[in-house]
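Notes to accompany the following structure.
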Amino acid sequence: MISTWSTAAGRTLRAVRGTSAPVTYGLIALCCLLFALGPASGLVPGYGSGDALLAAQRAYFRHWGVVPAQLFDGPAGAVLTPATALFVHGSWVHLLGNMLFLFVFGAMTEERMGRLEFTLFYVGCGCLALLGYAAANAASEQSLVGASGAISAVLGAFLYLFPRARVTSLLPFLFFLPLRFPAWVVLPFWAALQWLAAGRASDGPGVAYLAHLVGFGLGFGYACVRYGGRKDCRGGLGRAVAGDGRARVKAAPAPVTEGEKQP
């Protein structure tokens, strides 16, 4: 059994290394693996069922997630939770929604930034997004988990780097018909929805829309400062560009994503 798992892990690692965006695919694999091994997946019998499983989930999220009230006035280990929370998800929908967006927008952004810079950008912006939400809700005892803040930063950077990239979107009010729009239409529309939702958000469990907005702003701002003087990024030139000068994103995300869950 151990030999089988070792062989499978080795093949996966070699496949990731052979791609043009190993960090993006590695992050997706890591998030999926950690979720499968955690209590939220329901795949590990050791966590029990019913009330026992719910208790295990709450303890798990509280241990690895960001609890704003503890982050600023709690144990010293709480300062590490913005980093650990990026790799924890609250449900299958939460996980798959985030990973879809990372898969669609992460690879091209990583190719443009480079592996090391993209890694630092992803983790740094993700932590700052969670900190921004925690600062605005400093008294909250709700656990905050998920990669949505970091992925929102990727969306912001993608918007600046590839504004003319064609993104296939599924719009619910148009009966989920797949339509292609440039990134400068889809992503600001997504950000506007997050802004409206943040204004209506309650204090109870739900989606941390403010973290999405903070991440998106950080990502766009970083790309603007880092690549603002380079002509090869605003038009989406480079390896990710199609023959007509406009990059295309072939996957089909919806304009809204599931955010950090506060179990």
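For clarity, every value in this text was computed on a predicted model and none was experimentally measured. These numbers come from the heavy atoms of this one structure, side chains and all, not from hydrogens, waters or symmetry mates.
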Margin query: Could you tell me if the side chain of H89 sits less than 4.5 Å from the side chain of V145, heavy atoms only?
Written below: no
Margin query: In this structure, would W92 and F103 fall into the same cluster of hydrophobic residues linked by side-chain contacts under 4.5 Å?
Written below: yes
Notebook entry, point to check: Atom CG in L96, atom SG in C32: separation rounded to 0.5 Å?
Noted result: 7.0 Å
Notebook entry, point to check: Going through the checks in order, is the side chain to side chain contact (heavy atoms under 4.5 Å, CB included) test met by T119 and L27?
Noted result: CA-CA 9 Å; T119 302; L27 287 170; over 6 Å; no
Next item on the list: Can you tell me which residue pairs pass the salt bridge (Lys or Arg N to Asp or Glu O under 4.0 Å) test with a partner in residues 20-41, sequence neighbours excluded?
Entry: none
Next item on the list: Measure the spacing between CG of L218 and SG of C127 and express it to the nearest 0.5 Å.
Entry: 11.0 Å
Checklist line | Passing option when Y122 is tested against T109, V23, V154 for side chain to side chain contact (heavy atoms under 4.5 Å, CB included) | finding: V154
Next item on the list: Give a yes or no answer on whether the side chain of H94 reaches the backbone of G90 with a donor-acceptor pair at less than 3.5 Å.
Entry: yes
Note to self: Between S152 and L213, is there a side-chain heavy-atom distance shorter than 4.5 Å?
What the structure shows: no
Notebook entry, point to check: Do L54 and L43 share a hydrophobic cluster (ILVMFWY, side-chain heavy atoms under 4.5 Å, transitive)?
Noted result: no
Check: What pairs meet the side-chain hydrogen bond (donor to acceptor under 3.5 Å, both in side chains) rule with one or both residues in residues 32-53, with sequence neighbours excluded?
Finding: none
Check: What residues form a side chain to side chain donor-acceptor pair (under 3.5 Å) with E117, not counting sequence neighbours?
Finding: Y222, R226, Y227
Next item on the list: For Y160 and P163, work out which heavy atoms get closest and say how close.
Entry: O-CD, 3.4 Å
Notebook entry, point to check: If you round to the nearest 0.5 Å, how far is CG of L144 from CZ of R62?
Noted result: 12.5 Å
Item checked: Atom pair CG/SG of L95 and C31 - distance to nearest 0.5 Å -> 7.0 Å
Check: Does one hydrophobic cluster hold both L33 and V44, with members joined at side-chain heavy-atom distances below 4.5 Å?
Finding: no
Next item on the list: Measure across V67 and S143 and return the closest heavy-atom pair with its distance rounded to 0.1 Å.
Entry: CG2-OG, 3.9 Å
Item checked: Sub-4.5 Å side-chain heavy-atom contact between L53 and P39 -> yes
Check: When F105 is tested against each of F216, F162, F158 for ring-ring contact (aromatic ring centres under 6.0 Å, His included), which residue passes?
Finding: F158
Check: Nearest heavy-atom pair of G149 and A129: which atoms, and what distance?
Finding: CA-CB, 3.8 Å
Next item on the list: Could you list the residues that satisfy side-chain contact (heavy atoms from CB on, under 4.5 Å) with A40, not counting sequence neighbours?
Entry: F35, F61
Show me the donor-acceptor pairs within less than 3.5 Å that the side chains of residues 76-87 make with the rest of the protein, sequence neighbours left out.
unit_1 : atom_1 : unit_2 : atom_2 : d
T81    : OG1    : A78    : O      : 2.6
T84    : OG1    : W64    : O      : 2.6
T84    : OG1    : T81    : O      : 3.1

Item checked: Residues that T24 engages under side chain to side chain donor-acceptor pair (under 3.5 Å), provided they are two or more places apart -> E110
Margin query: Less than 4.5 Å apart, side chain to side chain, heavy atoms only: is that true for L155 and F220?
Written below: no
Note to self: Quick check: closest heavy atoms across A134 and V66, and the distance to 0.1 Å?
What the structure shows: CB-CG1, 4.2 Å
Next item on the list: Treat each ILVMFWY residue as a node, draw an edge where side-chain heavy atoms are under 4.5 Å apart, and state whether M113 and L120 are in one component.
Entry: no
